[in-house]
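Single-structure report; data block below.
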Amino acid sequence: LGLLLVFLGLALPSTQGKVISRCEMVRILRRNGFEGFQGTTVADWMCLVKYESGYNTKAYNNNGPSRDYGIFQINSKYWCNDGRTPGSKNACHISCSKLQDDNIEDDIRCAKKIAREAHGLSPWYGWKNHCRGRNLSSFVRGC
C-alpha cells in the first residue's frame, strides 16, 4: 500500500504550483521589458499578478463557460486552448495547460500580446479592481 501511495503521489500532477517570490517576480518582469510596456509599470504588473494568481504559476479559476490559467490568469475563451471552451479563439496559439507549468516564458509572451492589443491592462479585473489609479510602489520596494 505504501508503494502504491508513493507511485500515485509521483503520477498525479501537483495542485500546488510554484509560487514566485515578490522580488524574483520583479526581476523577471524587469528582465522581460515590462517597465513602460504599453504605458504600464512593473508595479502595475506586480499588482496584477498578486491579485490574479497570488504569484502562483498553477493558478486556475473557473468562470463558467471559460477558465483563467496561470500566473497572469489568461482566459481560455480568447487566448489559449483548453479543449473545453466552446468557440475558443486561442489568439496566443498555446495550450492552456502550458500556462500552468513553472516556465512562464510563454505566459509572458501571451500576457504582452493581451496588453498590446488592449493598449494596457484593462482586460484583467484583478488590476482594474485593486490596482488602477493607486500607489503601487510597495509592490517593487526593496527589489
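Along the sequence shown, residues carry numbers from 1.
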* To do: Using distance alone, with no hydrogens and no angle criterion, decide if Asp44 and Trp127 have a side-chain donor and acceptor under 3.5 Å apart.
  => yes
* **Atom pair CD1/SG of Ile28 and Cys23 - distance to nearest 0.5 Å** => 11.5 Å
* Structure fact -> Here the pair of heavy atoms bringing Tyr51 nearest to Gly126 is CB-O, 4.0 Å
* **Nearest-0.5 Å distance, CG of residue Leu121 to CZ of residue Phe37** => 9.5 Å
* Between Asp68 and Tyr60, does any side-chain donor sit less than 3.5 Å from a side-chain acceptor? -> no
* Asked: Can you tell me how far CH2 of Trp79 sits from OG of Ser88, rounded to the nearest 0.5 angstrom?
  -> 11.0 Å
* Check: Tyr55 and Met46 side chains under 4.5 Å, non-hydrogen atoms -> yes
* To do: List for me each residue that meets side-chain hydrogen bond (donor to acceptor under 3.5 Å, both in side chains) alongside Arg109, sequence neighbours excluded, and say none if there are none.
  => none
* Would you find a donor on one side and an acceptor on the other, under 3.5 Å apart, between the side chain of Gln73 and the backbone of Ala59? -> yes
* Roughly how far, to the nearest 0.5 Å, is the NZ atom of Lys98 from the CG atom of Asn103? -> 6.0 Å
* Asked: Which atoms form the tightest heavy-atom contact between Phe139 and Val26, and what is the distance?
  -> O-CG2, 3.7 Å
* side-chain contact (heavy atoms from CB on, under 4.5 Å) against Ser21, all qualifying residues, sequence neighbours excluded -> Glu24
* Please determine, by modelled atom types, if Asn135 and Ser137 share a side-chain donor-acceptor pair under 3.5 angstrom. => yes
* Which distance, rounded to the nearest 0.5 Å, do you find between the OG1 of Thr40 and the CG of Leu48? -> 9.5 Å
* For the residue pair Trp45 and Phe72, does the interplanar ring angle fall in the parallel (under 30°), tilted (30 to 60°) or perpendicular (over 60°) class? -> perpendicular
* To do: May I ask you to test the Lys50-Cys47 pair for a side-chain heavy-atom distance under 4.5 Å?
  => no
* Side chains of Cys143 and Arg22: closer than 4.5 Å at any heavy-atom pair? -> yes
* Would you tell me whether Asn75 and Ser66 have side-chain atoms, one donor and one acceptor, within less than 3.5 Å of each other? => yes
* **Exercise: do Thr85 and Arg67 side chains pair donor with acceptor under 3.5 Å** => yes
* Polar contact flag, side-chain donor to acceptor under 3.5 angstrom, Asp102-Thr57 -> yes
* **Minimum side-chain heavy-atom gap Asn56-Lys18 below 4.5 Å** => no
* Hey, which of Ile74, Asp82, Ile104 is the one that makes side-chain contact (heavy atoms from CB on, under 4.5 Å) with Leu99? -> Ile74
* Asked: What pairs with Glu117 under side-chain hydrogen bond (donor to acceptor under 3.5 Å, both in side chains), at least two apart in sequence or on another chain?
  -> Lys113
* To do: Determine, stepwise, if the pair Arg30 / Val140 fulfils side-chain contact (heavy atoms from CB on, under 4.5 Å).
  => CA-CA 11 Å; Arg30 285 179 176 153; Val140 296; 4.0 Å; yes
* Should Asn81 and Ile94 count as side-chain neighbours, where that means a heavy-atom distance under 4.5 Å? -> no
* **Verdict with supporting geometry, Cys92 and Cys80, disulfide bond (SG atoms under 2.5 Å apart)** => CA-CA 6 Å; Cys92 287; Cys80 65; over 6 Å; no
* **Non-hydrogen side-chain atoms of Trp124 and Ile114 separated by less than 4.5 Å** => yes
* Exceeds 12 heavy-atom contacts within 6.0 angstrom, atom NZ of Lys112 -> yes
* Asked: When you measure from the side chain of Glu35 to the backbone N and O of Thr41, does any donor-acceptor pair fall under 3.5 Å?
  -> no
* Structure fact -> Between the OH atom in Tyr69 and the OG atom in Ser97, the distance rounded to the nearest 0.5 Å is 8.5 Å
